[in-house]
Amino acid sequence: RAKQQHRGSSQYFSPAMGTDARERFKLLKGLRAGFEDNRLFVVYQPQVDMESGRALGAEALLRWRTEEGKFVPPDQFIPLAEQSGLIVSIGEFVLRTACHQLKRLEEQGWTDFRMCVNISLAQFRHAGFIETLNAALRDTEVNPNNLELEITESMAMEDADLVMGLLASIKRTGATVAIDDFGTGFSSLSQLRQLEVDRLKIDRAFVREAQVSSAGSTIAQMVINLGRSLGLRVIAEGIETEEQRQQLLALGCLEGQGYLFARPVPADQLERWLRKEPL
Ligand code: C2E
Ligand code: MG
Ligand code: MG
Ligand code: MG
């Protein structure tokens with residue numbers, strides 16, 4: 001018992017920073033190797049018209065399967081990739097893979113399918129970003145209007161000048177932009193008005209809260225009204241239950257993404273899901 005306690009406390013009092021840094025270094029080394037060995041891949045989560053269930057698009061989400069067959073969640077490895085700069089090449093891989101898949105869907109008749117790709121601030125800060133975007137669009141020959149880039153609200157606030165300049169360049173390519181995790185980044189109405197974006201994604205925290213508290217549904221309602229008054233489309237993420245679907249619809253949000261409709265799946269399963277075939 002004493003031994004257990006001792007072990008516990010020594011763990012607790014060990015220099016957390018050092019352990020942390022070592023852990024992160026190991027993880028980053030694994031991520032680099034994983035990227036080189038093609039153990040990173042992209043999955044797609046459908047977005048639907050919540051009234052009819054019709055598919056409108058999909059969000060591309062990165063996955064990392066380690067050599068041991070373990071999945072490391074993106075919330076753990078994306079920040080590392082951002083800090084190390086590795087996100088620039090990984091992000092280009094995601095963008096190209098998603099565009100390639102979009103082209104396949106366009107060829108299958110999904111001519112106005114929206115493919116959404118998450119972009120980090122570190123990618124935006126990299127001088128070659130617009131050229132990377134143009135090259136991906138050119139090489140895959142997709143309809144640029146079908147590509148949507150997702151940036152987070154906090155990222156738009158952190159470096160507003162940079163982001164605003166890039167939004168104008170993105171617009172010229174034909175691609176659209178969504179603000180992800182909206183409601184968590186404290187942007188003001190005036191800041192939002194200056195951002196040339198096309199869509200707001202209500203963070204799933206507010207979707208979850210909308211069901212249990214009136215404060216939560218007030219935030220969801222505010223985001224929906226804000227989007228409407230600025231002429232932006234609004235989508236709710238993290239729709240898990242039928243009650244949430246109905247509640248968001250009642251609040252005036254027509255588009256949704258979440259486990260209720262579909263989980264993120266590999267490309268072949270996305271295509272089967274779109275053809276309404278069993279996965
Ligand atoms: P995000 O962009 O907000 O993506 C939505 C997250 O919510 C995804 O988590 C998705 O799997 C999850 N999700 C979707 N529906 C539901 C639901 O009904 N319930 C719950 N509980 N979760 C749901 P995931 O795939 O783990 O990604 C986490 C975050 O990692 C993303 O949040 C995004 O910020 C980042 N990320 C993922 N892929 C990329 C990428 O290629 N590039 C960059 N820069 N970031 C990425
Ligand atoms: Mg996203
Ligand atoms: Mg999100
Ligand atoms: Mg989120």
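All ligand and atom numbering here is 1-based and tracks the order in the structure.
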Are any of the heavy atoms in P264 under 4.0 Å away from ligand 1? yes
Among the heavy atoms of R263, does any lie under 4.0 Å from an atom of ligand 1? no
Closer than 2.8 Å to the Mg ion (ligand 3): does that hold for any N, O or S atom in E150? no
Checking only N/O/S atoms, does E237 have one that is under 2.8 Å from the Mg ion (ligand 3)? yes
Measure from the Mg ion (ligand 2) to each N, O or S atom of E59 and report whether any distance is below 2.8 Å. yes
Using a distance threshold of 2.8 Å, state whether an N, O or S atom of D180 lies below it from the Mg ion (ligand 2). yes
Pick one of side chain, backbone, both or neither for how D180 approaches ligand 1, counting any non-hydrogen atom pair under 4.0 Å. side chain
Among T97, I78, I119, which residue places a heavy atom closest to atom 35 (C) of ligand 1? I78
So, are K201 and E150 salt-bridged, with charged N and O less than 4.0 Å apart? yes
Is G238 near ligand 1, meaning one of its heavy atoms is under 4.0 Å from it? yes
Is it the side chain (CB and beyond), the backbone, both or neither of R204 that lies under 4.0 Å from ligand 1, heavy atoms counted? side chain
The Mg ion (ligand 2) to N118: any N/O/S contact under 2.8 Å? yes
